[in-house]
Amino acid sequence: MKDKFLTFWIAEEEYGMGIEYVTEIIGVQKITKVPDMPHFIKGVINLRGRVIPVVDVRTRFGLSEREYDERTCIVVIHVNDQATGMIVDRVNEVLNIPQDQIEFSHSGDVNKERSFILGIGKTEDSVKILLDVEKFMTH
């Protein structure tokens with residue numbers, strides 16, 4: 001699974017995350033709101049008897065919300081012994097992006113400690129913004 005990234009769309013940009021974090025992709029289902037949570041945590045879902053928190057990636061990135069449609073998905077990931085759902089506009093594909101095709105975030109970046117960006121993955125015809133999933137889930 002090294003160098004494999006699940007790519008997905010948020011607004012007009014294509015992102016990727018290491019496939020090793022992804023356990024499954026499901027359609028949007030009933031989300032139970034939980035009071036007193038950050039605005040980007042939409043609530044929890046019951047996934048085959050497990051209660052899983054759900055994060056809306058759009059609002060986590062500070063983008064405007066939009067209605068979910070038939071392309072909207074929940075990507076269930078597993079990080080630090082915790083399953084979490086990430087709502088994305090649509091899932092694209094799994095790509096192989098070798099390490100030598102990734103420009104990693106620069107250490108001079110003033111927001112590096114808070115940045116969710118692992119780097120920029122270059123493909124034949126485009127670039128993908130690669131998420132540091134562990135930082136995304138802990139900050």
Side-chain angles (χ1 to χ4, degrees):
M1 287 203 269
K2 186 177 187 278
D3 301 336
K4 296 214 179 293
F5 294 86
L6 174 70
T7 60
F8 58 92
W9 290 90
I10 299 294
E12 302 300 316
E13 301 299 331
E14 195 170 6
Y15 292 83
M17 70 174 82
I19 195 73
E20 69 269 18
Y21 296 106
V22 178
T23 56
E24 63 186 297
I25 300 167
I26 60 175
V28 175
Q29 53 187 270
K30 179 174 176 2
I31 299 172
T32 302
K33 295 190 183 308
V34 178
D36 215 18
M37 297 301 279
H39 71 285
F40 54 85
I41 298 179
K42 293 301 170 188
V44 296
I45 59 172
N46 179 348
L47 185 62
R48 293 183 297 283
R50 294 183 310 162
V51 175
I52 297 176
V54 178
V55 174
D56 188 308
V57 178
R58 276 181 153 272
T59 54
R60 182 74 170 113
F61 287 170
L63 300 171
S64 61
E65 291 188 46
R66 74 173 184 94
E67 280 194 44
Y68 301 147
D69 60 25
E70 67 279 351
R71 303 285 314 260
T72 307
C73 295
I74 298 176
V75 178
V76 180
I77 61 169
H78 197 263
V79 177
N80 299 326
D81 294 324
Q82 171 67 47
T84 304
M86 294 175 58
I87 301 172
V88 300
D89 291 352
R90 69 182 195 269
V91 169
N92 196 19
E93 63 185 330
V94 175
L95 287 177
N96 187 49
I97 305 175
Q99 295 292 305
D100 65 353
Q101 294 299 306
I102 299 173
E103 289 193 25
F104 292 94
S105 294
H106 298 11
S107 58
D109 184 357
V110 284
N111 290 323
K112 182 160 178 60
E113 289 303 311
R114 294 181 33 219
S115 177
F116 311 137
I117 307 303
L118 173 69
I120 304 297
K122 297 177 279 186
T123 62
E124 278 185 22
D125 57 353
S126 64
V127 295
K128 317 294 186 221
I129 302 167
L130 303 178
L131 293 184
D132 183 326
V133 177
E134 292 185 24
K135 280 187 180 178
F136 181 84
M137 296 311 302
T138 58
H139 284 87

Would [X] end up clustered with [Y] when hydrophobic side chains under 4.5 Å apart are linked, directly or stepwise?
| X | Y | value |
| --- | --- | --- |
| Ile52 | Met137 | no |
| Phe116 | Val88 | yes |
| Leu6 | Val127 | yes |
| Val55 | Val133 | yes |
| Ile26 | Val91 | no |

Keeping to residues at least two apart or across chains, list the side-chain hydrogen bond (donor to acceptor under 3.5 Å, both in side chains) pairs with something in residues 71-89. Arg58-Asp89, Arg66-Asp89, Asp69-Thr72

side-chain hydrogen bond (donor to acceptor under 3.5 Å, both in side chains) pairs, two or more places apart, involving residues 22-41: Glu24-Arg48

Quick one: [atom1] on [X] to [atom2] on [Y], what's the gap to the nearest 0.5 Å?
| X | Y | atom1 | atom2 | result |
| --- | --- | --- | --- | --- |
| Lys2 | Glu20 | NZ | CD | 10.5 Å |
| Lys128 | Thr123 | NZ | OG1 | 4.0 Å |
| Ile87 | Glu65 | CD1 | CD | 9.0 Å |
| Asn96 | Ile19 | CG | CD1 | 11.5 Å |
| Ile10 | Thr59 | CD1 | OG1 | 9.5 Å |
| Ile97 | Leu130 | CD1 | CG | 5.0 Å |

Can you name the nearest heavy-atom pair linking [X] to [Y], along with the distance?
| X | Y | value |
| --- | --- | --- |
| Ala11 | Leu63 | CB-CD1, 4.2 Å |
| Val28 | Cys73 | CG2-N, 4.3 Å |
| Pro53 | Ala83 | CD-O, 3.5 Å |
| Ile117 | Ser115 | N-OG, 3.1 Å |

Is the shortest heavy-atom distance from the side chain of Leu131 to the side chain of Met86 under 4.5 Å? yes

Before giving the answer on side-chain contact (heavy atoms from CB on, under 4.5 Å), spell out for Val94 and Val22 the whole-Å C-alpha distance, their side-chain angles and the decisive distance to 0.1 Å. CA-CA 11 Å; Val94 175; Val22 178; over 6 Å; no

Sub-6.0 Å ring centroid separation between Phe61 and Tyr15: yes

With no hydrogens and no angle check, is any side-chain donor or acceptor of Thr7 less than 3.5 Å from a backbone partner on Glu93? yes

Please evaluate residues Tyr68 and Ile74 with respect to the criterion side-chain contact (heavy atoms from CB on, under 4.5 Å), reporting the C-alpha separation (whole Å), side-chain torsions for both, the decisive distance (0.1 Å), and the verdict. CA-CA 11 Å; Tyr68 301 147; Ile74 298 176; over 6 Å; no

Mind checking side-chain hydrogen bond (donor to acceptor under 3.5 Å, both in side chains) for Glu67 and listing every partner two or more places apart, or none if nothing turns up? none

Can Ile129 and Ile120 be said to form a side-chain contact (heavy atoms from CB on, under 4.5 Å), step by step? CA-CA 5 Å; Ile129 302 167; Ile120 304 297; 4.1 Å; yes

Step by step, would you call Val75 with Phe8 a side-chain contact (heavy atoms from CB on, under 4.5 Å)? CA-CA 10 Å; Val75 178; Phe8 58 92; 5.6 Å; no

